[in-house]
2 protein chains.
Amino acid sequence: MKDPKATGPQSCEDCPIRHRAVCARCETDELEKLEDIKYYRTFEAGQTVIWAGDPMDFVGSVVSGIATLTQTMEDGRRQMVGLLLPSDFVGRPGRDGAAYDVVATTDLVMCCFRKKPFEKMMMETPHIAQRLLEMTLDELDAAREWMLILGRKTAREKIASLLSIIARRDATLQLAGMRGPLVFDLPLTREAMSDYLGLTLETVSRQMSALKRDGVIELEGKRHVTIPDLPRLLEEAGDDADGGMMA
Amino acid sequence: MKDPKATGPQSCEDCPIRHRAVCARCETDELEKLEDIKYYRTFEAGQTVIWAGDPMDFVGSVVSGIATLTQTMEDGRRQMVGLLLPSDFVGRPGRDGAAYDVVATTDLVMCCFRKKPFEKMMMETPHIAQRLLEMTLDELDAAREWMLILGRKTAREKIASLLSIIARRDATLQLAGMRGPLVFDLPLTREAMSDYLGLTLETVSRQMSALKRDGVIELEGKRHVTIPDLPRLLEEAGDDADGGMMA
DNA sequence: AATTGACTTTGACCCAGATCAAGCGCGGCA
DNA sequence: TGCCGCGCTTGATCTGGGTCAAAGTCAATT
């Protein structure tokens, strides 16, 4: 993985509540009263942060690394319903149990707040709710984009859409409007990709091979991807205008 | 359609901002200053409220009737990404264009607020953002439930899930925990159902027939549905625990 | 009562993607 | 050095749902 700090907040240490994930505007003098309700947790790649249904007495945000939200049916069918990147928020004020499985797909650092005091603070500090509203609306847009992908796109378009989403996000690391090829490491296994896209892992593999064969992407090893021609990829994704949106 | 007031707010006239869609807690003395920024719009079944991309200078909430949010690809493939019921909120503070097509599927009354003043009021009245946050989180949950349906369920399960969602919502009209059969009218055409579920209209029709043949549902005409055994329907939907969630 | 047109159902056939089943590549480890 | 084991690829075959086509229902209109 790339250094996640590059896209995430510069540091969660500087100011916990100023942390972009929670609020971009609050004042530093709120720092002290937070010290006792905030803590950090780290996870290794593959570890589960919390299982759906388990009691969850905290909310938090991703400092570095990547986590996934997935839903599972009784018979084992799984659907990923969210991808958490640095600065993304986890947990719902006012809800006691986790709604989804949260799994670290890379090494992960989270900045957590005990839920009750956080809720109290949210009541007293208006812009926290305003900031959370903005973030939640972004996630909702991402979820809806995803619904179009799941409901109406072909396997090839789905793969291209996923790569666009990741490329787009990583592109912020590079010069905006740059011309050259885009290069990144896939943060997901083929299986995680299939859970994301509502496909089987075999279909994901086949379509990756097909996109490679057709020159839309280049692969070095299994994870390292080069996009020589982003507009071409976006066209393959089925939405020429842009590459989908991300939470 | 049923009288939508039964599930929606009792009246939008009583107090525009106390309107459940916006805020359940504000004080009546905010009424006056709202009179000049709020207005009503009515639409007939089938009318388009706004097209994706069009400038949108208002936000609002559904007073009565049902509307859909849909996304369309250049080649005409469509995916419904939201179902708006009475008290649901439309529009995003801080965004200028509509992100989705909004279409009235029944006769529709909306309570609208000019966007700029609404945003200003939201900044000044903390619980409005808090209320909108709650609602948006509910919508996000619904969208994620929907993603599981789109990505992993079979056609039969999709239909059963949709019927469960509608039945569940309409069930609030009836005594909670009631035993008897559930009866309601589908607010959607077969085509709208297919747009919702990522299927073709033919498949929707076939699966409706199959569920009828198997005694899971009873049909009188094309729209009037009876659910003789709700647990059976939920089982067919693939999630025994409950019938999915709704925005 | 017949016509029209929107919506729905049903049938026949086909294909994208699932399923089942080998193998491959490569890092970790004895 | 070789042998796991895990993630990935590739092949062969099957099938759920799509596609194309026709006919049925029903309310509104003439």
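Below, all heavy atoms of this structure are taken into account, side chains as well, without hydrogens, waters or symmetry copies.
Regarding contacts with the backbone of D:dG7, every side-chain N or O of A:Thr189 stays at 4.0 angstrom or more from both OP1 and OP2. Phosphate proximity of D:dT19 to B:Thr200: absent, as no side-chain N or O sits under 4.0 Å from OP1 or OP2. For the pair B:Arg223 and C:dT8, the criterion of a side-chain N or O lying under 4.0 Å from OP1 or OP2 is met. Within the 4.0 Å cut-off from OP1 or OP2 of D:dT9, at least one side-chain nitrogen or oxygen of A:Ser205 is found.
Here the C1' atom of nucleotide C:dT10 and the NZ atom of B:Lys212 are 13 Å apart, to the nearest Å. What separates CG of B:Leu199 from P of C:dT9 is a distance of 14 Å, to the nearest Å. Rounded to an integer number of Å, the gap from CD of B:Glu202 to C1' of C:dC7 is 12 Å. The interatomic distance linking B:Arg190 (CZ) with C:dT10 (P) rounds to 10 Å, in whole Å. Rounded to whole Å, atom C1' of D:dT19 lies 15 Å from atom CZ of B:Arg77. One can place CD of B:Glu220 at 15 Å from C1' of D:dT25, the figure rounded to the nearest angstrom. Residue A:Arg152 contributes atom CZ, which lies 14 Å from atom P of C:dG17 at whole-angstrom precision. Straight-line distance from the CG atom of B:Leu201 to the P atom of C:dG11: 16 Å, rounded to whole Å.
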Indicate every side-chain donor-acceptor pair of residues 207-216 of chain B with a distance under 3.5 Å to a residue at least two apart or in another chain.
unit_1, atom_1, unit_2, atom_2, d
B:Ser209, OG, B:Ser205, O, 3.0
B:Asp214, OD2, B:Arg156, NH2, 2.2

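Of all non-hydrogen atoms in A:Met110 and A:Val49, the two that sit nearest each other are SD-CG1, 4.2 Å. The minimum heavy-atom distance linking B:Cys112 with B:Arg41 is given by the pair SG-CD, 3.9 Å.
Where B:Arg206 and A:Lys222 meet DNA chain D, the nucleotide closest to each residue was compared, and A:Lys222 sits on the side nearer the 5' end.
Nucleic acid contact class of A:Gly198 (heavy atoms, under 4.0 Å, all strands): sugar-phosphate only.
At a threshold of 4.0 Å, the pair B:Glu157-A:Arg77 counts as salt-bridged, since one of the basic side-chain nitrogens sits closer than that to a carboxylate oxygen. Ion pairing of A:Arg95 with B:Asp141 is present here, as a side-chain N (NZ or NE/NH1/NH2) and a carboxylate O approach within less than 4.0 Å.
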